[in-house]
Amino acid sequence: MIKSHHFSAVLPVTQIVFSWQKTDFIEVLKKAANTAGLTVVRELAFAFQSQGVSAVVLLSESHIVRHFCPEENKVTIDIHICDSQQENLAKAQLLTKILAKEISNSE
């Protein structure tokens, strides 16, 4: 049986996030995944016409999804990491800490 680790949060954003383009959202996710030792397979981002950005990074271990809602000064994040080849809990926890720090300057 494959175990998995799921983390989700709604985080307040730091001011720098408001200046990010959709490519910045992808780069932050990819860099965090690589730093955590996870394997990026593909990515996609979409900037909404009025405002906001959604970004998805597919991992060989599963995925990371982020939605930026500037009208609410919030980012929602969903992290799902599977243990298909090895135990990945520590990597999932590290990824969570990196992204929380990057997005809202918090633990």
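Index from 1, following the sequence.
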request  = Before giving the answer on side chain to side chain contact (heavy atoms under 4.5 Å, CB included), spell out for Ile64 and Leu59 the whole-Å C-alpha distance, their side-chain angles and the decisive distance to 0.1 Å.
outcome  = CA-CA 8 Å; Ile64 313 165; Leu59 307 168; 3.9 Å; yes

Closest approach of [X] to [Y] (non-hydrogen atoms, all atoms of both residues):
| X | Y | answer |
| --- | --- | --- |
| Thr14 | Ser104 | CG2-C, 3.6 Å |
| Lys74 | Glu72 | CG-O, 2.9 Å |
| Leu94 | Thr35 | CD2-O, 4.0 Å |
| Leu99 | Ala32 | CD2-CB, 3.6 Å |
| Leu44 | Ile26 | O-CD1, 3.4 Å |
| Ile98 | Ala36 | CD1-N, 4.4 Å |

Applying the 4.5 Å side-chain criterion to the ILVMFWY set and letting contacts propagate, would [X] and [Y] be lumped into a single cluster?
| X | Y | result |
| --- | --- | --- |
| Leu11 | Trp20 | yes |
| Val13 | Ile16 | yes |
| Leu58 | Val40 | no |

query = Without hydrogens or angle criteria, can the side chains of Lys30 and Asn34 be said to hold a donor-acceptor pair below 3.5 Å?
reply = no

key: Side chains of His67 and Ser54, donor plus acceptor under 3.5 Å   = yes

Rounded at 0.5 Å granularity, tell me how far [atom1] in [X] sits from [atom2] in [Y].
| X | Y | atom1 | atom2 | answer |
| --- | --- | --- | --- | --- |
| Gln93 | Leu95 | CD | CG | 11.0 Å |
| Ser8 | His80 | OG | NE2 | 11.0 Å |
| Arg66 | Ile79 | CZ | CD1 | 9.0 Å |
| Glu43 | Thr23 | CD | OG1 | 10.5 Å |
| Glu102 | Leu29 | CD | CG | 9.5 Å |

task = Taking Lys91 for its side chain and Leu38 for its backbone only, find out whether a donor-acceptor pair lies under 3.5 Å.
result = no

query = Under 3.5 Å, side chain of Asn88 to main-chain N/O of Cys82, donor-acceptor pair present?
reply = yes

task = Report, as yes or no, whether the 6.0 Å neighbourhood of atom CD on Gln51 holds more than 12 heavy atoms from other residues, nucleotides or ligands.
result = yes

key: Chi angles and distances behind the side chain to side chain contact (heavy atoms under 4.5 Å, CB included) call for His5, Glu87   = CA-CA 10 Å; His5 314 286; Glu87 168 63 48; 3.5 Å; yes

ask   = Stepwise, does the side chain to side chain contact (heavy atoms under 4.5 Å, CB included) test hold for Asp83 with Leu89?
value = CA-CA 8 Å; Asp83 288 347; Leu89 177 58; 5.5 Å; no

inquiry  = Run the side chain to side chain contact (heavy atoms under 4.5 Å, CB included) test on Phe7 and Asp78 for me, step by step, so that the C-alpha distance in whole Å, both residues' side-chain angles and the decisive distance to 0.1 Å come before the verdict.
reply    = CA-CA 6 Å; Phe7 300 92; Asp78 181 70; over 6 Å; no

inquiry  = Tell me which one of Phe18, Phe68, Phe46 satisfies ring-ring contact (aromatic ring centres under 6.0 Å, His included) with Phe25.
reply    = Phe68

key: Residue pair Pro12 / Asn73, side-chain heavy-atom distance below 4.5 Å   = no

